[in-house]
There are 4 protein chains.
Amino acid sequence: MARPAGRHFLQIPGPTNVPDRVLRAIDFPTMDHRGPDFAELGKTVLAGMKRVFRTSADVVIYPASGTGAWEAALVNTLSAGDAVLMYETGQFAALWQKLALRLGLAPEFIPGDWRTGVDPDAIGKRLRDDTQHRIKAVCVVHNETSTGVTSRVPEVRAAIDAAKHPALLMVDTISSLASLDYRHDEWGVDVTVAGSQKGLMLPPGLSFNAISAKALATSATAGLPRAYWNWEEMLASGKTGYFPYTPATNLLYGLREALTMLLDEEGLENVFARHQRHGEATRRAVRAWGLEVLATNPAEYSGALTAVLLPAGQDADRVRKVILERFDMSLGTGLGKLAGKVFRIGHLGDFNDLTLMGTLAGVEMGLQLAGVKIRPAGVQAAMDFLAAPQATAQRAAA
Amino acid sequence: MARPAGRHFLQIPGPTNVPDRVLRAIDFPTMDHRGPDFAELGKTVLAGMKRVFRTSADVVIYPASGTGAWEAALVNTLSAGDAVLMYETGQFAALWQKLALRLGLAPEFIPGDWRTGVDPDAIGKRLRDDTQHRIKAVCVVHNETSTGVTSRVPEVRAAIDAAKHPALLMVDTISSLASLDYRHDEWGVDVTVAGSQKGLMLPPGLSFNAISAKALATSATAGLPRAYWNWEEMLASGKTGYFPYTPATNLLYGLREALTMLLDEEGLENVFARHQRHGEATRRAVRAWGLEVLATNPAEYSGALTAVLLPAGQDADRVRKVILERFDMSLGTGLGKLAGKVFRIGHLGDFNDLTLMGTLAGVEMGLQLAGVKIRPAGVQAAMDFLAAPQATAQRAAA
Amino acid sequence: MARPAGRHFLQIPGPTNVPDRVLRAIDFPTMDHRGPDFAELGKTVLAGMKRVFRTSADVVIYPASGTGAWEAALVNTLSAGDAVLMYETGQFAALWQKLALRLGLAPEFIPGDWRTGVDPDAIGKRLRDDTQHRIKAVCVVHNETSTGVTSRVPEVRAAIDAAKHPALLMVDTISSLASLDYRHDEWGVDVTVAGSQKGLMLPPGLSFNAISAKALATSATAGLPRAYWNWEEMLASGKTGYFPYTPATNLLYGLREALTMLLDEEGLENVFARHQRHGEATRRAVRAWGLEVLATNPAEYSGALTAVLLPAGQDADRVRKVILERFDMSLGTGLGKLAGKVFRIGHLGDFNDLTLMGTLAGVEMGLQLAGVKIRPAGVQAAMDFLAAPQATAQRAAA
Amino acid sequence: MARPAGRHFLQIPGPTNVPDRVLRAIDFPTMDHRGPDFAELGKTVLAGMKRVFRTSADVVIYPASGTGAWEAALVNTLSAGDAVLMYETGQFAALWQKLALRLGLAPEFIPGDWRTGVDPDAIGKRLRDDTQHRIKAVCVVHNETSTGVTSRVPEVRAAIDAAKHPALLMVDTISSLASLDYRHDEWGVDVTVAGSQKGLMLPPGLSFNAISAKALATSATAGLPRAYWNWEEMLASGKTGYFPYTPATNLLYGLREALTMLLDEEGLENVFARHQRHGEATRRAVRAWGLEVLATNPAEYSGALTAVLLPAGQDADRVRKVILERFDMSLGTGLGKLAGKVFRIGHLGDFNDLTLMGTLAGVEMGLQLAGVKIRPAGVQAAMDFLAAPQATAQRAAA
């Protein structure tokens, strides 16, 4: 096949488009991870990550992908057989639950419909019933990457508090951190789990835990075996900017650059506003096509990605294939029980209006080429929104 | 100002978007330009450039931008006071004429309207009148970057032949080579002038002459002083893959990579077809907006760029400024007498359908934000064309 | 402080100097890890790694540093409380033993002197005594990075076989793979542990297990909890070139390039011969200085690094500091009980004669500047060896 | 042939080793050379170049290699048939003279012995004889790259002044600028010619003129035809940070980075001291080998490169070939009448002590392998110098 010209459109909901500056930063010679220059790098990225998590508590960085940070959150705080309360927001919640099972925990999985987020009332009710406090942790996914639904973490926290339950609150922010508003301290989260390859605009290979004092205290008595994921040594080394074992140095170079861009150059508030705008523009396009956004609750719409539900009888993967072959764009597939029923448009990471417009144009044309009956009005609807004066004002204000 | 997120849209008609592979190739350590590895590099890029020019004659590569290759074409073949016939297709034709003047030549400049290409009849007529053969060269711009008009070089050749005039034919292909169909040998061109930063998908800094046997023979007696541009030494060195002085090694690394992509991976025929499609899609957008394409003759429409004429009273540079500030896209300004009247959309180089759609969306939104009255139907018109079955067929055929 | 000019000499025993081609490969846009292009990448690197391990059995690649692959080897094959036999070759053997303890295993640690490798007789004796086969695994470090001693793995295998003991043989090759001769299948190893940042010439962030059929069978009943490290899902996904969770895509780009360089361009036999030559040259320099190579058994000298023992009363870290500040070269520190007593010269990875000579000159000058009494004859001794005709012959033969 | 491992030693006297930071800077997307960001780039590099030239006068930057800047100096200031006084310091002086001939000038070439620099007395004498001031310019090479001899420019200036001669003084600093002390204003130079690929640590492709007010005034009446090299338009555009034609944008990115490193991070005084130290270390090595440094006058020794004279009957190019094949190091060949008689060691650009030691070790071993009778004491002599306390002091002082 002839080489496709131009730039590939990587519009899966992560890994996201890595800025050239970050790629170039990664492309520097590896340094001595025990030397003085490394200490400065280590301290800089840890301090920056605290700002991103909005925490003054501890942060650890693993040379691992996000799944590792899920595992780290559990093995540092829990013991074999511990009950954990999880909520089925979608495929990633299900995978985290499966991982808990593999680690010998006893997850309770509150069923969900894959179109809405965590129900704080259901959490509260279950915790109130747990009078013996057998449940040691509540684990929820902030932004469910398989559905494009953002759960209301502060309300989950409120439900736990209202139930006067001591369970730890653990939150997966793999596809929300540095894209959607998130506040580890203010929201009372005990362990936040994150990865490098989404809002942080890096390749995959780094993952993170932000750790409350309460979670850290719990780890002293937690019984699950752990070594690679052990917070204790990571935190001890981290104080001096070093790691207990060889870190992923070059990805840390990239992280330093990405943090500068996010925190100092664009500003997190602008980053969040941008993602919200792109989410809204995308949803307007979907509705104008006559299709359905998978997320049903406007309070839970995601600024990071939009899952688009196809009419019954249409194969979403066929649409994706047409779009990949014809327009060189990757979209996210339907996962788990959504396989074939939805495709997902990632609009997170280092992204702007015109790339969104290219993306939506590719979807609109691809849907038609794949024979899905739509109104060809989505691109127009998105432009109407993006070019509206209020959008301008919003941007100027930011 | 906050950092603009995402990738800048560089949609001027060159320099064009340089593919990552080419940028990465340039990012390798400079080598010994007298060592054995260099000879291989030199021979490879010279051979590749011959394929791009479609010539079996000589090619030289200058460490210089395109203006240098203009100068080279003239100083190697002409003597002080020589008459050269030029044709005012637009700003770049005017600049080449001005350069000829500075070099002490006597350019005759057939006036043009900046909306059409070279008139072969006018050339033929003037040459027939030149019974004493005082005119030593006919110099035309293949694709006038200031107007988006592509001149019909084979017809110019035919006019010269019909006039039985011995003048050399020199053609500037700076914004056409490797984007639009061009054939140095078949079209009987004596000197073709080209640059790296457009269809060749490189940064600026290299430029080229393709040289017919007739032009080369002429250079033996041409009287203009020359050293840096001297073909003789370049050709002598080039036979072994070397240069008479230090070449721009790292740009040559990039050229090697770009040639592989153009010749071996995409194929020049596909490259040309792609540019034609994008030109047509862009013109349909312009017309749907209710605006005018500057080029008036369909036989001269450019696949490389489209100049868009604004209604009287509108300032094209204000539109460009709005688009740059609001959508982080660079468009080409109106040059010379077109200043403020047109803006130019570059759709050449390493470019694809979705980047074009992002580009056109940015123009459509920007025009509206700048207060230009248009019908918001251009993006839709472009999509209708790009997604049409015949476009598919065309692509498959390619 | 003024910027140090020129290139830093990174002569720690890993991370090693990453070739420009590998760094540039990493510097490409991240791709869709579920798309068709990724499958090809995944299959290519897995196939290449099998050639490096010299195995036809299974290989898994973790987005993790080497410590993770240690953990993976243990958690996939063992159950809580299992006895494992380890041998104290130095700091990394000690760290692996500590990791086994943390995971709830019962390591038996045969004491060593940190100057010699694993004693196969001691292994054999202990296994013969273990008539009830309580020992489930023998874990040894092939090349002890803290001492520069290479253990004789085939003799360990022979000792296990002679004892007719069913324990698995696990070997850490983190600082030997792709530098020193190693043969997973031929040597009867059950789990080989490796990392990216040494002989494989990559930044840290990838690690590996090569897994014998016997080890894989054992994993079916092994009781330690595991998820991230679980072989089962990795192997299932790996068959199609994919990963069960997000892989470290950009490091895999680098791995593909490094494998091409090692396997197809230099050839593993040449790589091994080069490391042996550089080890010998370095030891000759050390002896010419009147200093002692830490390794005492010539059959166990390492081609990857050389630990240099300083005379009593000298602080090796002061020497390292002088060399870093004065000559911008990083050397390895003395680890564990060798702290302050030795420094380590890494001569592994992408490395050649002249960089070795720069390295040895820096050490020779630095020792003198730090006030260590040496004969300034080491550089000369290394040159005598490297330029000797037999060395030439050796190279030509390779 | 198997891939040579490790990093190539590029020790020709330019192009020099380009720092990773500069290469990475070049590896960024090309920008709009008419947009606002470019203006900032243009102004920054012009301002930085003035600091490097130590001038408050005008500087122009050409997208061209050094030969182009030679041509620019001449065509902007002289008229056909003008006499220029040149001095045969070596091959590059001869090439500049040849270039002047080609341009229609009348160079007078004072013969030299290729082992010493410009003789200020000879210049003075000739100028005093030129009572009619027919000589319009004196053109000398500051650091003759073919011989490793640095001419005493201030004494040349003094000789011109003493002769009360109005000729312009033009100086080629292609292999000295940003390596050796040079002062355009203080030394009264009218046109300084420079290139990117030596002390400026860039790939080739940019060249420079620094222009005194007197030279600029002269250009108003100079008669040689010029367009590409025309100062007037370059200076007019340069005031706003732009170029009259497309500049070599990506090389300018590299220049900006290199200027930061040279001016702000290392400091020019440190850069000069470093080059002097490396020159002295190299000459000590040459003498210790029992060979002769080509330069005979200690006041003219070059800190940028050292030409080494081989005993009669030895072929320097054979030595170079042995060193390239055996040690992957490129050295400079003997040029012109020195062909086969000398090789040249470049020790300029981004370079440090240990890379110099690797270089000298490669030369010492290579000489022996090539059968040249030497005392194997050069590397030792260089180390004795580099590690001497006074060298330390010098460095600390810097």
Side-chain angles (χ1 to χ4, degrees), chain A residues 7-8 10 12 14-18 23-24 26-36 62-68 70-71 74-75 80 95 98-105 195 197 202-206 224-230 243-251 324 330 332-333, chain C residues 7-8 10 12 14-18 23-24 26-36 62-68 70-71 74-75 80 95 98-105 195 197 202-206 224-230 243-251 324 330 332-333:
Chain A
R7 184 166 289 278
H8 179 71
L10 182 74
I12 55 174
T16 63
N17 293 290
V18 181
L23 286 173
R24 241 44 107 250
I26 291 171
D27 183 3
F28 270 86
T30 305
M31 63 163 68
D32 179 6
H33 59 297
R34 307 268 179 231
Y62 294 109
S65 49
T67 299
W70 270 353
E71 182 159 325
L74 301 178
V75 297
L95 287 172
K98 191 172 151 197
L99 182 142
L101 272 177
R102 281 185 180 280
L103 295 176
L105 299 169
Q197 76 274 18
L202 286 164
L206 295 179
L224 278 178
R226 59 186 175 271
Y228 192 78
W229 311 114
N230 201 323
F243 283 71
Y245 44 76
T246 314
T249 308
N250 290 51
L251 293 176
L324 178 60
S330 298
T333 189
Chain C
R7 184 165 288 279
H8 179 70
L10 182 74
I12 56 174
T16 63
N17 294 289
V18 180
L23 286 173
R24 240 46 104 251
I26 291 171
D27 183 3
F28 269 87
T30 306
M31 63 163 68
D32 179 5
H33 59 296
R34 307 266 179 234
Y62 294 109
S65 50
T67 298
W70 270 353
E71 183 160 324
L74 300 179
V75 297
L95 287 172
K98 192 172 150 196
L99 183 144
L101 271 177
R102 282 185 181 279
L103 295 176
L105 300 170
Q197 76 274 19
L202 286 165
L206 294 179
L224 279 178
R226 58 187 176 272
Y228 192 79
W229 311 115
N230 201 324
F243 282 71
Y245 44 76
T246 314
T249 309
N250 290 51
L251 294 175
L324 178 60
S330 299
T333 189

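By convention in this document, chain letters (A, B, ...) are assigned in the order of the sequence lines, proteins followed by strands, and residues within each chain are numbered from 1.
- A side chain to side chain contact (heavy atoms under 4.5 Å, CB included) with C:Asn250 is found for one member of A:Leu202, A:Leu251, A:Leu23 and no other, namely A:Leu23.
- Of the atoms belonging to A:Ile26, heavy atoms from both backbone and side chain fall under 4.5 Å from chain C.
- By number of non-hydrogen pairs under 4.5 angstrom with chain C, the leading residue of A:Val18, A:Leu103, A:Leu224 is A:Leu103.
- At a 4.5 Å heavy-atom cutoff, the contact between A:Phe28 and chain C is made by backbone atoms alone.
- Counting heavy atoms from C-beta on, the side chains of A:Thr246 and C:Gln197 come closer than 4.5 Å.
- Proximity to chain C is limited to the side chain of A:Leu324, based on heavy atoms less than 4.5 angstrom apart.
- The distance from the CE atom of C:Met31 to the OG atom of A:Ser330 is 9.0 Å, given to the nearest 0.5 Å.
- Contacts between A:Pro244 and chain C at a heavy-atom distance below 4.5 Å are absent for every atom of the residue.
- C:Tyr245 is linked by a ring-ring contact (aromatic ring centres under 6.0 Å, His included) to C:Tyr228, counting only residues two or more places apart in sequence or in another chain.
- In terms of the side chain to side chain contact (heavy atoms under 4.5 Å, CB included) criterion, residue partners of A:Leu95 (sequence neighbours excluded) are, by chain and number, A:Trp70, A:Gln91, A:Phe92.
- Among A:His33, A:His8, A:Arg7, the residue making the largest number of heavy-atom pairs under 4.5 Å with chain C is A:His33.
- Remark: the backbone N or O of C:Pro15 is not paired with any side-chain donor or acceptor of A:Thr30 at under 3.5 angstrom.
- By the 4.5 Å heavy-atom criterion applied to side chains, C:Thr249 and A:Pro203 are not counted as neighbours.
- Looking at A:Arg24, the atoms closer than 4.5 Å to chain C (heavy atoms on both sides) sit in the backbone and in the side chain alike.
- For A:Asn17, no part lies under 4.5 angstrom from a heavy atom of chain C.
- Looking at heavy atoms from C-beta onward, A:Leu10 lies in side-chain contact with C:Asp32 at the 4.5 angstrom threshold.
- Of the listed residues (A:Gly104, A:Ser65, A:Pro36), the one with the most heavy-atom contacts under 4.5 Å to chain C is A:Ser65.
- Looking at A:Ile12, the atoms closer than 4.5 Å to chain C (heavy atoms on both sides) all sit in the side chain, from C-beta outward.
- To the nearest 0.5 Å, atom CZ of residue A:Arg226 and atom CD of residue C:Glu71 are 11.0 Å apart.
- Contacts with chain C were tallied for A:Ala100, A:Pro247, A:Gly35, A:Gly195; A:Pro247 has the most, counting heavy-atom pairs under 4.5 Å.
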